[in-house]
Amino acid sequence: MLTRIDHVGIACQDLEAKIAFYQSAFGLTVASVEVNEGQGVREAMLHVTDSPAGASYVQLLEPLRPDTPVGRFLARRGEGVHHVGYGVADITTALAAIGATGVRLIDERPRHGSMGASIAFLHPADVGGVLTELVQAPDR
Ligand code: CO
């Protein structure tokens, strides 16, 4: 069902500084920088690699305000890994199958993610403490 690691989401205080770090330390390139008002973040996708199943990224997340999910995460835990995003071929099918196993779905229905993807989050308490995201890449 999971086709790849689509991205690792990392919470940070300063998006530009963190982009510069990932560029200089790892040679990654910026694929997109977007504001997602619905999630209260400004985010950058840095391309890591391509595979037959699709690309993989580092996703850097800077909160738009303190009273957002990533803002509260930073206040509580500081900078670091925020979530893991797995690629799926069909997110609606995957959500139904995973939900049927008893994992609670934060998003019952997919919503808009980075670069035109459809995404949905699973409850971290049911995934060993890991906030988990499913990602269906847009058709190319
Ligand atoms: Co994500």
Side-chain angles (χ1 to χ4, degrees):
M1 182 188 311
L2 306 180
T3 59
R4 69 191 185 286
I5 294 174
D6 183 273
H7 64 271
V8 177
I10 297 172
C12 65
Q13 303 278 7
D14 182 336
L15 189 64
E16 268 64 42
K18 208 60 77 181
I19 289 171
F21 170 77
Y22 275 85
Q23 286 175 322
S24 65
F26 301 121
L28 299 188
T29 54
V30 176
S32 80
V33 178
E34 300 176 25
V35 172
N36 188 322
E37 283 289 346
Q39 292 180 50
V41 293
R42 202 158 64 89
E43 61 175 63
M45 295 294 268
L46 281 73
H47 182 255
V48 177
T49 189
D50 285 309
S51 79
S56 293
Y57 302 91
V58 172
Q59 180 183 51
L60 301 175
L61 304 158
E62 177 195 76
L64 294 176
R65 295 172 300 278
D67 63 333
T68 57
V70 174
R72 286 188 288 271
F73 177 93
L74 282 175
R76 211 170 51 240
R77 314 255 298 257
E79 294 187 313
V81 174
H82 179 262
H83 66 272
V84 176
Y86 294 106
V88 294
D90 182 325
I91 195 164
T92 304
T93 303
L95 274 175
I98 293 166
T101 70
V103 172
R104 281 168 290 171
L105 311 178
I106 292 175
D107 300 303
E108 300 276 346
R109 254 170 265 156
R111 53 177 154 136
H112 296 298
S114 310
M115 299 190 296
S118 295
I119 66 162
F121 283 95
L122 311 178
H123 202 294
D126 293 339
V127 194
V130 179
L131 179 59
T132 300
E133 176 184 356
L134 304 179
V135 182
Q136 179 184 336
D139 295 331
R140 317 169 186 210

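Read the numbers this way: they start at 1 and go in the same order the structure lists the ligands and their atoms. All values derive from a computational prediction rather than experimental measurement.
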So that I can check it, does any N, O or S atom in D6 come closer than 2.8 Å to the Co ion (ligand 1)?
no
Determine, for E62 against K18, whether the closest basic-nitrogen to carboxylate-oxygen distance falls under 4.0 angstrom.
no
The Co ion (ligand 1) contact by H83, N, O or S atom under 2.8 Å:
yes
Strictly distance-based, threshold 3.5 Å: is any side-chain N or O of R4 a donor or acceptor partner for the main-chain N or O of A55?
yes
Between L61 and L15, which heavy-atom pair has the shortest distance, and what is it?
N-CD1, 4.5 Å
Please test Q39 against H112 for side chain to side chain contact (heavy atoms under 4.5 Å, CB included), starting from the C-alpha separation and ending with a verdict.
CA-CA 10 Å; Q39 292 180 50; H112 296 298; over 6 Å; no
E133: its N/O/S atom lying closest to the Co ion (ligand 1) (atom name):
OE1
Tell me which N, O or S atom of H7 sits nearest to the Co ion (ligand 1).
NE2
N, O or S from Q59 under 2.8 Å to the Co ion (ligand 1):
yes
Contact summary for L95 and L122, nearest pair of heavy atoms
CD2-CD2, 4.1 Å
